[in-house]
Amino acid sequence: MKSLQDALYNWLTIKVVCDARPEDTAAKETLEYFDEMLTTEHHVSNIETTTDEMMYYLSYQHGEEMKKARYPRELIEIMLDQINNEPEKYENYPTE
């Protein structure tokens, strides 16, 4: 993934799913993938998230700099909303 903004967006989207569904092994594995990508490809660390009624806010270290980003809740929560609206399509298959 070339864009840091895209990687952060995808990371936050799947983190919201993981937080809501801690038993979801596929979501956990996907979050680990984006964690690794952010660390190795984009040199991002120390991500902190906060939220309010409208937005998610990220603060993170990018190399030697502290940076911030924000994303609308409706965009970040779209995957979780889809899972919640059609749970039969998103059954958890635990790994052995």
Side-chain angles (χ1 to χ4, degrees):
M1 187 165 295
K2 301 288 184 198
S3 165
L4 173 57
Q5 291 298 67
D6 286 348
L8 287 168
Y9 167 83
N10 288 322
W11 175 87
L12 183 56
T13 300
I14 200 65
K15 180 176 183 344
V16 166
V17 171
C18 281
D19 289 350
R21 296 170 45 100
E23 76 290 346
D24 189 328
T25 53
K28 183 180 176 188
E29 289 172 3
T30 304
L31 181 61
E32 290 169 358
Y33 169 79
F34 282 108
D35 277 334
E36 179 72 17
M37 177 187 300
L38 285 169
T39 301
T40 60
E41 292 182 28
H42 296 287
H43 312 288
V44 168
S45 60
N46 303 320
I47 303 173
E48 294 183 21
T49 63
T50 57
T51 190
D52 63 23
E53 292 178 10
M54 301 293 292
M55 304 290 278
Y56 279 91
Y57 303 93
L58 299 179
S59 61
Y60 59 95
Q61 189 162 345
H62 184 220
E64 298 298 318
E65 281 185 79
M66 287 302 296
K67 294 190 174 185
K68 295 182 179 190
R70 64 183 183 169
Y71 300 92
R73 284 184 75 114
E74 65 186 40
L75 291 179
I76 296 302
E77 294 173 356
I78 197 164
M79 181 180 287
L80 181 59
D81 291 344
Q82 185 175 359
I83 291 168
N84 288 336
N85 289 336
E86 299 180 280
E88 69 281 358
K89 292 184 179 179
Y90 301 94
E91 187 174 337
N92 187 35
Y93 295 100
T95 58
E96 297 177 334

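A quick note: this is a predicted structure, and the numbers were derived from the prediction, not measured. Worth knowing before you read on, the calculation uses all heavy atoms, side chains too, and leaves out hydrogens, waters and symmetry mates.
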E48 atom CD, over 12 foreign heavy atoms within 6.0 Å: no
Step-by-step side-chain contact (heavy atoms from CB on, under 4.5 Å) determination, L12 to F34: CA-CA 9 Å; L12 183 56; F34 282 108; over 6 Å; no
Pair T13-Y71, side-chain contact (heavy atoms from CB on, under 4.5 Å): steps then yes or no: CA-CA 10 Å; T13 300; Y71 300 92; over 6 Å; no
Charged N-O contact under 4.0 Å between K15 and D19: yes
Heavy-atom side-chain contact between L58 and W11 under 4.5 Å: yes
Atom pair NE2 (H43) and CG (L4), whose distance is rounded to the nearest 0.5 Å: 10.5 Å
More than 12 heavy atoms of other groups within 6.0 Å of M66 CE: yes
Side-chain donor/acceptor of H62 to backbone N/O of H42, under 3.5 Å: yes
Closest non-hydrogen atom pair, E77 against Y56: OE2-OH, 2.7 Å
Closest non-hydrogen atom pair, A27 against V17: CB-CG1, 3.8 Å
Intermediate values then yes/no, side-chain contact (heavy atoms from CB on, under 4.5 Å), E53 and R73: CA-CA 8 Å; E53 292 178 10; R73 284 184 75 114; 5.6 Å; no
Heavy atoms from other residues, nucleotides or ligands near CD1 of I78 exceed 12 (cutoff 6.0 Å): no
Separation of T40 OG1 from D35 CG (nearest 0.5 Å): 10.5 Å
Under 3.5 Å: donor-acceptor pair, side chain of E23, backbone of T25: no
hydrophobic_cluster_shared for M55 and V16, side chain cutoff 4.5 Å: no
Nearest atoms (heavy-atom pairs only) where Y9 meets L75: OH-O, 3.4 Å
Single-linkage hydrophobic cluster Y57~L8, side-chain heavy atoms < 4.5 angstrom: no
Residues, nucleotides or ligands: over 12 heavy atoms within 6.0 Å of E86 CD: yes
I83 vs M79 side-chain heavy atoms within contact, under 4.5 Å: yes
Atom CD of E64 with >12 non-hydrogen neighbours under 6.0 angstrom: no
Euclidean distance, C18 SG relative to K28 NZ, rounded to 0.5 Å: 8.5 Å
